[in-house]
Amino acid sequence: GVPSQVGLALDRSEVGRHQVSDYRRASTMCLVRDAPELEVLMVQRPHTSRFMPSTWVFPGGAVDESDADVDPSSAEVDDWRVAALRETAEEVGLWITTEGVVEEPPEADVFAQAQRLDMTLDADALVYFSNWITPEVFPIRFDTRFFLAVATTDVTGAVDGDELVDLAWISPLEALRREDAGTWDVAFPTRKTLELLASEPTAERLAGRLAELDIVPPIQPRLFVSEDEARIVLPGEDMFDAIEADQADPDILSRLAAVVAKGGHLPAEFKRRK
């Protein structure tokens with residue numbers, strides 16, 4: 001699926017002067033385990049991808065129309081959760097079921113496969129903890145929900161070598177160190193999520209704390225572009241209010257493209273294949 005965590009956030013009521021037709025809904029799965037320190041499953045996009053080449057992401061992808069027709073475990077399940085379960089099975093062969101996380105190579109229709117293998121996908125095992133929506137300056141915008149689930153050390157997962165080329169169970173702090181060192185490319189929302197995942201020492205404590213969230217408000221960043229740099233700015237940061245008017249600049253994406261072309265400092269989601 002499309003790497004859903006690349007979408008950045010904006011409240012749905014604040015559609016600005018850059019017109020969009022619809023948000024593309026997507027789900028992202030953060031699968032964590034203790035081995036013995038907390039690790040999260042990450043996957044790498046192909047080096048030849050036009051969009052975000054070689055970037056390390058979490059499994060995830062777009063919500064399909066068919067996801068609304070599937071009832072994995074209860075009558076109250078929404079299609080965001082179904083998409084997260086489906087994409088995790090499709091991309092890494094890990095099935096979050098009522099019997100725990102099961103490893104099984106995926107077939108074309110994972111829902112039919114689950115039924116044939118008598119597996120019940122467990123949407124109740126998913127903790128919804130974050131929501132990012134792409135800023136208003138972009139013509140294609142993702143409304144992405146992040147979920148967390150806990151796995152055991154007896155499952156690993158696998159990638160197909162095509163849509164995804166590598167897989168790693170890694171401590172969030174080590175992933176952040178690799179991004180800081182420049183050996184891994186990590187998109188901005190992925191980095192912020194890794195910082196959150198690193199805030200607890202064990203998977204169970206992390207899942208327990210995130211499950212206590214009463215609401216998950218959308219995060220609302222803005223885009224800053226200078227001659228040599230593009231940057232994502234979050235609410236509360238010093239520049240956030242100062243760049244409000246810039247979000248309506250009709251040339252902001254052209255200026256972003258110029259920074260991309262000259263190889264300026266960019267978050268991973270703006271990088272393109274060379």
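Counting from 1, the numbers follow the sequence of the chain as shown. Heavy-atom basis, side chains included; hydrogens, waters and symmetry copies ignored.
The aromatic rings of Phe129 and Phe146 sit perpendicular to each other, their planes meeting at more than 60°, with 30° as the lower class boundary.
Using a 4.5 Å heavy-atom threshold, the side chains of His47 and Pro53 count as separate. Between Glu91 and Glu163, the closest side-chain pair of non-hydrogen atoms falls below 4.5 Å. A 4.5 Å side-chain heavy-atom check between Val92 and Val159 finds at least one atom pair inside the cut-off. A heavy-atom distance below 4.5 Å is found between the side chains of Glu104 and Gln113. Taking 4.5 Å as the limit, some side-chain heavy atom of Phe58 sits within range of a side-chain heavy atom of Leu197. With contacts defined as side-chain heavy-atom distances shorter than 4.5 Å, the pair Asp79/Arg25 qualifies. Side-chain atoms of Thr28 and Pro59, non-hydrogen and from C-beta on, never get closer than 4.5 Å to each other. For the pair Trp95 and Leu121, the minimum side-chain heavy-atom distance is below 4.5 Å.
Judged by a 6.0 Å distance limit and a 45° cone about the ring axis, Arg141 is not positioned over the six-membered ring of Tyr23. Geometric assessment of Arg222 against the ring of Phe240 yields a positive cation-pi assignment under the 6.0 Å and 45° thresholds. Judged by the 6.0 Å and 45° rule, Arg45 forms no cation-pi pair with Trp56.
In this structure, the side chain of Gln247 engages the main chain of Leu223 through a donor-acceptor pair within 3.5 Å. No donor-acceptor distance shorter than 3.5 angstrom exists from the side chain of Asp143 to the backbone of Ala26, with no hydrogens or angles considered. Side chain of Glu103 to backbone of Val155: no donor-acceptor contact under 3.5 angstrom is found.
Salt bridge status for Arg81 with Asp124: absent, with no side-chain N to carboxylate O gap under 4.0 Å. Ion pairing between Lys262 and Asp228 holds under the 4.0 Å rule for side-chain N and carboxylate O. The pair Arg178-Asp185 does not meet the salt-bridge criterion, since no charged nitrogen lies less than 4.0 angstrom from a carboxylate oxygen. Between Arg86 and Asp64 a salt bridge is recorded (basic side-chain N to carboxylate O distance below 4.0 Å). Comment: Arg177 engages Glu174 in a salt bridge, judged by a side-chain N to carboxylate O separation of less than 4.0 angstrom.
Annotation for Ala84 and Leu126: closest pair CB-CD2, 3.8 Å, computed over non-hydrogen atoms.
Checked by atom type, the side-chain pair Arg209/Ser199 shows a donor-acceptor distance below 3.5 Å.
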